[in-house]
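Below: the structure, in structure tokens.
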There are 2 protein chains.
Amino acid sequence: MPADALSQVFSALADPTRRDIVARLAVADATVTELAEPYSVSVQAVSKHLRVLEGAGLVSRSRDAQRRPVHLEAEVFDLMTAWIERYRRRAEERYSRLDALLAAMPDAVDADDAPAPATDPTTQGEA
Amino acid sequence: MPADALSQVFSALADPTRRDIVARLAVADATVTELAEPYSVSVQAVSKHLRVLEGAGLVSRSRDAQRRPVHLEAEVFDLMTAWIERYRRRAEERYSRLDALLAAMPDAVDADDAPAPATDPTTQGEA
DNA sequence: GGTGTGCTCAACCGTTCGGTTGAACAAGGA
DNA sequence: TCCTTGTTCAACCGAACGGTTGAGCACACC
């Protein structure tokens, strides 16, 4: 079962080796052995990492004789950015609202006790 | 061993339940039982999720009698955004360069064969 | 055709992960 | 004081993860 796209992308990037691979692919396409060279793991391990990255849509592979050049696909990044921005923005709006609230009632408000007016219950779930 | 910050954040958000928790915390702070209510898992499981989110710095917890209100910390998002933007931008630059290259030499260039000029070897690793 | 190279498939291994249940702790309310 | 509520701790379980080694496949080169 392929899990949702966002989960795949985040979990693909949760591994430092995979992030480093992405970083290197951002400067140039590379083959599996080229990618494996700087690490102290087997080529097979890197091949597995690439399969994960490909599954997440972060990377694509073409054919060049025996070689399988790996190419970074930048579009998927937008998926993450969209998710992140959505909730960051919301959180920030909430702070502004809290600031306004605190400004409006200048005494006796314990910040930890705010009952949270729940202003925007729409579009709550992501799925 | 606490793993690097970026790995923790990405891996924390790789779980759909945890992402949903973040989404809900973006609209208002909540206690553990409140957060657990909509899901079909035990409160303990949610408590574990929160520990992961806290470890990643995505969330903070205060005290209110027996309750432990959970609060979304928006700053960590910047860490991810910075990483993502860095490599997305690089990849896009590379496409522009490739476009320019292809425009400059209108014949006989096999895109898959580019030997990768390694334009910016500095700041290659992230750690 | 045979050999070497690049890569993947398959099986296995130890660790981590998400979940469970059961017990414990902490604090307010009767 | 006892009880209930909110939360965490501890032990356990099955599945997934990151890694290994060994075999196999696909293709270029001699």
Side-chain angles (χ1 to χ4, degrees), chain A residues 1-4 6-22 25 29-56 58-71 110 112-113 115-116 127, chain B residues 1-4 6-22 25 29-56 58-71 110 112-113 115-116 127:
Chain A
M1 203 159 300
D4 63 297
L6 222 32
S7 294
Q8 278 185 275
V9 179
F10 278 125
S11 116
L13 293 179
D15 184 280
T17 303
R18 264 168 341 229
R19 278 202 308 280
D20 194 62
I21 289 177
V22 167
L25 288 174
D29 291 3
T31 68
V32 180
T33 27
E34 281 167 2
L35 286 172
E37 189 264 320
Y39 311 123
S40 55
V41 299
S42 65
V43 183
Q44 291 96 319
V46 173
S47 184
K48 278 194 186 181
H49 281 310
L50 291 172
R51 194 147 46 91
V52 173
L53 289 170
E54 187 177 32
L58 280 159
V59 131
S60 66
R61 289 138 121 181
S62 41
R63 283 233 84 128
D64 173 25
Q66 317 99 39
R67 264 150 260 121
R68 305 291 310 275
V70 185
H71 177 77
D110 183 9
D112 279 332
D113 200 33
Chain B
M1 206 160 298
D4 63 296
L6 222 31
S7 294
Q8 279 186 274
V9 179
F10 278 125
S11 119
L13 293 178
D15 184 280
T17 304
R18 259 163 353 223
R19 278 202 308 279
D20 194 61
I21 289 177
V22 167
L25 287 175
D29 292 2
T31 68
V32 180
T33 27
E34 280 167 3
L35 287 172
E37 189 263 321
Y39 311 123
S40 56
V41 300
S42 65
V43 183
Q44 291 96 318
V46 174
S47 185
K48 277 194 188 182
H49 281 310
L50 290 172
R51 194 148 47 90
V52 174
L53 289 171
E54 187 177 32
L58 280 160
V59 131
S60 65
R61 289 139 121 179
S62 41
R63 282 233 84 125
D64 172 26
Q66 316 99 39
R67 263 151 263 122
R68 304 290 309 273
V70 185
H71 177 77
D110 185 9
D112 278 334
D113 201 33

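To find a chain, count down the sequence lines: A is the first, B the second, and so on, and within it residues start at 1.
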Given protein heavy atoms under 4.0 Å, the one-letter contact record of nucleotides 10-21 of chain C, with B base, S sugar-phosphate only and - none, is simply -B------SBBB
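Distance CG (A/Asp64) to C1' (C/dC7): 13 Å, rounded to an integer number of Å. The distance between atom CG of B/Leu50 and atom C1' of D/dT8, rounded to the nearest whole Å, is 11 Å. Atom pair B/Arg51:CZ and D/dG6:P shows a separation of 21 Å (rounding to whole Å applied). We find that CD of A/Glu54 is positioned 9 Å from P of C/dT8, with the value rounded to whole Å.
Put simply, A/Ser47 has no side-chain N or O that comes within less than 4.0 Å of OP1 or OP2 on C/dC7.
Among residues two or more places apart in sequence or in another chain, the salt bridge (charged side-chain N to carboxylate O under 4.0 Å, His left out) test is passed with B/Arg67 by B/Asp64. Shown here are the salt bridge (charged side-chain N to carboxylate O under 4.0 Å, His left out) partners of A/Glu54, two or more places apart in sequence or in another chain: A/Arg61. B/Ser60 meets the side chain to side chain donor-acceptor pair (under 3.5 Å) test with B/Glu73; sequence neighbours excluded.
Scanning both residues, A/Thr17 and A/Tyr39, for their nearest heavy atoms gives O-OH, 4.0 Å. Minimum interatomic distance between B/Ser62 and B/Arg68 (heavy atoms only, all atoms of both residues): O-NE, 3.2 Å. Contact record, B/Ala14 with B/Pro16: O-CD, 3.7 Å, taken as the closest heavy-atom pair. The two residues B/Ala12 and B/Leu58 have their closest heavy-atom pair at CB-CD1, 4.0 Å. Minimum heavy-atom separation, A/Ala30 to A/Leu25: N-CD2, 3.8 Å.
The stretch residues 31-39 of chain B touches DNA chain D through B/Thr31, B/Val32, B/Thr33, each having a heavy atom within less than 4.0 Å of the strand.
Contact of the B/Leu50 side chain with the B/Val32 side chain is registered, since non-hydrogen atoms from C-beta on lie closer than 4.5 Å.
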Polar pairs (N or O, both sides) under 3.5 Å between protein and nucleotides 24-30 of chain C?
unit_1, atom_1, unit_2, atom_2, d
C/dG28, O4', B/Gln66, NE2, 2.9

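Rounded to the nearest 0.5 angstrom, B/Leu35 CG and B/His49 NE2 are separated by 11.0 Å.
Electrostatic pairing of B/Arg19 and A/Asp4 counts as a salt bridge here, judged by a charged N lying under 4.0 Å from a carboxylate O.
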